[in-house]
Amino acid sequence: MKISNIILWEGVEGKQLITDIPVQNVTSQVSGCVRMCNLSVHLFFVEFTFFNMLCCLNISPILLFISSRVQCLGEQPSDRPIPNATLQVTGAVGWRREGLVYKKNEVFLDIVESVNLLMSSKGVVLRCDVTGKVLMKCFLSGMPDLKLGLNDKIGLEKESQLKSRPTKSGKTIELDDVTFHQCVNLTRFNSEKTVSFVPPDGEFELMKYRITEGVNLPFKVLPTIKELGRTRMEVNVKVKSVFGAKMFALGVVVKIPVPKHTAKTSFTVTSGRAKYNASIDCLVWKIRKFPGQTEPTLSAEIELISTMTEKKSSTRPPIQMEFQVPMFTASGLRVRFLKVWEKSGYNTVEWVRYITKAGSYEVRC
């Protein structure tokens, strides 16, 4: 009896180890394979109908299963732990140990977003998206069950269907490319569109997401650059904060590129401090605390070194920004509720914080 190939599978997990091994004779080749790989092999014959199908394909209906750990060609045994059967069957929580006790039960939730922007010199948005993540820090006793509600479009529509009432007015967010921590109950999320989970103890990343539509830009940059002959330039940059007047940004840095053959610079700013950094060929404008709904400006005169070569027209590098805006999300994502349930019925304190940072925030000039 001859077969065309042998397929080896590890246990019930279905991890393919060796495929398409040419075999001429079952008795000699299989025994040789078993001796070489030190495998404990059991032969199982498939049903008659499947037997006929395999015969039509010139493949013998012999399946080889590995019933023990593999030690093949001198390879060391794997240190991977055997899956916990109790965890798979009962659904026990493997990422949180039992018996945790805290005097004060608290939950900290941070929504951290990075906004990416590429804008043309005429103010046209060429690329804009937001990448965000929900970070949590839990100090909760026992085995609590948490439920998180966001103002995402799918979740609000599902809630309105379950409660048989129209969706409340307000901004809804369409989340793209959502990934969750393993603690999230995906079955419940698919049916109810709510994030339910038993959290790990301490700090962890609950979910990540991306948003490509309806992005709220925290800043608008309006540059004006004039070339006055071959050796002089005028640069005027206005930065407008679009977020609310009661909010403010921290650590704002605006990097304005200048030619490499810059000889001298002089500038004035209405807020913050500025200086010329020759190592990166930029005017660096820093504002420690940037209030909302304000428009500080920078005006600079640049003297260039006169060169004999004719000036070549080239594309200037874009203006770059760095910033952090607390209590602001470029996506508009908000926490509608955060519920904690535990069988002992203790009280919890929930803290929610938002922050938006600059990713690649660039404006061409």
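Quick caveat: nothing in here was measured; it's all calculated off a predicted structure.
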Would M207 and V178 count as a side-chain contact (heavy atoms from CB on, under 4.5 Å) if you check the C-alpha gap in whole Å, the side-chain angles of each, and the deciding distance to 0.1 Å?
CA-CA 7 Å; M207 60 181 285; V178 180; 3.8 Å; yes
Stepwise, does the ring pair (Phe, Tyr, Trp, His ring centres under 6.0 Å) test hold for F323 with F290?
CA-CA 9 Å; F323 55 81; F290 199 129; 9.4 Å; no
Quick one, V252 with Q324, criterion side-chain contact (heavy atoms from CB on, under 4.5 Å). Give me CA distance, side-chain angles, the key distance, then yes/no.
CA-CA 7 Å; V252 178; Q324 291 187 4; over 6 Å; no
Give the intermediate values and the outcome of side-chain contact (heavy atoms from CB on, under 4.5 Å) for residues F337 and K147.
CA-CA 8 Å; F337 60 82; K147 188 174 181 181; 4.0 Å; yes
Could you walk me through whether E301 and M233 satisfy the side-chain contact (heavy atoms from CB on, under 4.5 Å) test, starting with their C-alpha distance in whole Å, then the side-chain angles of each, then the deciding distance to 0.1 Å, before giving a yes or no?
CA-CA 6 Å; E301 292 185 0; M233 290 179 59; over 6 Å; no
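Between V237 and V221, the closest side-chain pair of non-hydrogen atoms falls below 4.5 Å. Residues P144 and K339 form no side-chain contact, since every pair of their non-hydrogen atoms from C-beta on lies 4.5 Å or further apart. Looking at V242 and P218, their side chains never come closer than 4.5 Å, going by heavy atoms from C-beta outward. Taking 4.5 Å as the limit, every side-chain heavy atom of E174 sits out of range of all side-chain heavy atoms of D152. Within the 4.5 Å cutoff, the side chain of V239 has no heavy atoms near those of the E295 side chain. Using a 4.5 Å cut-off on side-chain heavy atoms (C-beta onward), C128 and L217 make contact. A 4.5 Å side-chain heavy-atom check between N216 and S331 finds every atom pair outside the cut-off. For the pair N116/R127, a side-chain contact is recorded, criterion being any heavy-atom separation below 4.5 Å from C-beta on.
Taking hydrophobic clusters as Ile, Leu, Val, Met, Phe, Trp and Tyr residues chained together by side-chain heavy-atom distances below 4.5 Å, V130 does not share a cluster with V112. Under a hydrophobic clustering in which Ile, Leu, Val, Met, Phe, Trp and Tyr are joined whenever their side-chain heavy atoms come within less than 4.5 Å, directly or via other members, L109 and L175 fall into the same cluster. Both L338 and Y209 belong to a single network of hydrophobic side chains, linked directly or stepwise wherever heavy atoms of I, L, V, M, F, W or Y lie under 4.5 Å apart. Tracing side-chain contacts under 4.5 Å through hydrophobic residues (I, L, V, M, F, W, Y), one reaches V340 starting from V184; they form part of the same cluster. In this structure, V325 is not a member of the same hydrophobic cluster as V253, with clusters built from ILVMFWY side-chain heavy atoms closer than 4.5 Å.
Defined by atom type and a distance below 3.5 Å, a donor-acceptor pair is present between the side-chain atoms of N236 and S299.
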Can you list, pair by pair, the side-chain donor-acceptor contacts under 3.5 Å of residues 254-271, counting residues two or more places apart and other chains?
{"residue": "K255", "atom": "NZ", "partner": "E322", "partner atom": "OE2", "Å": "3.4"}
{"residue": "T262", "atom": "OG1", "partner": "P259", "partner atom": "O", "Å": "2.6"}
{"residue": "T270", "atom": "OG1", "partner": "T297", "partner atom": "N", "Å": "2.9"}

Check: residues 348-364 side-chain donor-acceptor pairs under 3.5 Å, at least two apart:
{"residue": "T348", "atom": "OG1", "partner": "E350", "partner atom": "OE2", "Å": "2.4"}
{"residue": "W351", "atom": "NE1", "partner": "E106", "partner atom": "OE2", "Å": "3.4"}
{"residue": "R353", "atom": "NE", "partner": "D110", "partner atom": "OD1", "Å": "3.1"}
{"residue": "R353", "atom": "NH2", "partner": "D110", "partner atom": "OD2", "Å": "2.7"}
{"residue": "Y354", "atom": "OH", "partner": "V335", "partner atom": "N", "Å": "3.0"}
{"residue": "T356", "atom": "OG1", "partner": "F328", "partner atom": "O", "Å": "2.5"}
{"residue": "T356", "atom": "OG1", "partner": "A330", "partner atom": "N", "Å": "3.3"}
{"residue": "Y361", "atom": "OH", "partner": "F219", "partner atom": "N", "Å": "3.4"}
{"residue": "Y361", "atom": "OH", "partner": "F219", "partner atom": "O", "Å": "2.6"}
{"residue": "E362", "atom": "OE2", "partner": "Q320", "partner atom": "NE2", "Å": "3.2"}

What pairs of donor and acceptor atoms, side-chain ones from residues 136-143 against any protein atom, are under 3.5 angstrom apart with sequence neighbours left out?
{"residue": "S141", "atom": "OG", "partner": "Y102", "partner atom": "N", "Å": "2.7"}
{"residue": "S141", "atom": "OG", "partner": "Y102", "partner atom": "O", "Å": "3.3"}
{"residue": "S141", "atom": "OG", "partner": "N105", "partner atom": "OD1", "Å": "3.0"}

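Heavy-atom contacts from other residues, nucleotides or ligands closer than 6.0 Å to CD of Q182 number more than 12.
Residue L146 holds its CG atom at 9.0 Å from OG of S196, rounded to the nearest 0.5 Å. Of the inter-residue distances, the one linking I287 atom CD1 with T294 atom OG1 reads 7.5 Å to the nearest 0.5 angstrom. Of the inter-residue distances, the one linking C282 atom SG with N277 atom CG reads 7.5 Å to the nearest 0.5 angstrom. Note that CG of D129 and CG of L118 are 11.0 Å apart. Values are rounded to the nearest 0.5 Å. To the nearest 0.5 angstrom, I111 atom CD1 is 7.5 Å from R334 atom CZ. Between the CZ atom in R288 and the CZ atom in R273 there is a gap of 10.0 Å [rounded to 0.5 Å].
Of all the heavy atoms in R210 and T212, the pair that sits closest is NH1-CG2, 3.0 Å. Summarising the geometry of F243 relative to G292, their closest heavy-atom pair is CE1-CA, 3.3 Å, with the distance given to 0.1 Å. When all heavy atoms of P317 and C365 are compared, the pair lying nearest together is O-SG, 3.6 Å.
Between the N151 side chain and the G332 main chain, a donor and an acceptor come within less than 3.5 Å of each other. Proximity of a side-chain donor or acceptor of R336 to a complementary backbone N or O of L150 within less than 3.5 Å is detected. Checked by atom type and distance alone, the side chain of E342 pairs as donor or acceptor with a backbone atom of S344 at under 3.5 Å. Between the side chain of W95 and the backbone N or O of V198 there is at least one donor-acceptor pair closer than 3.5 Å.
Of the candidates V134, T131, T179, T179 is the only one forming a side chain to side chain contact (heavy atoms under 4.5 Å, CB included) with K208.
The ring of H181 has its center closer than 6.0 angstrom to the ring center of F204.
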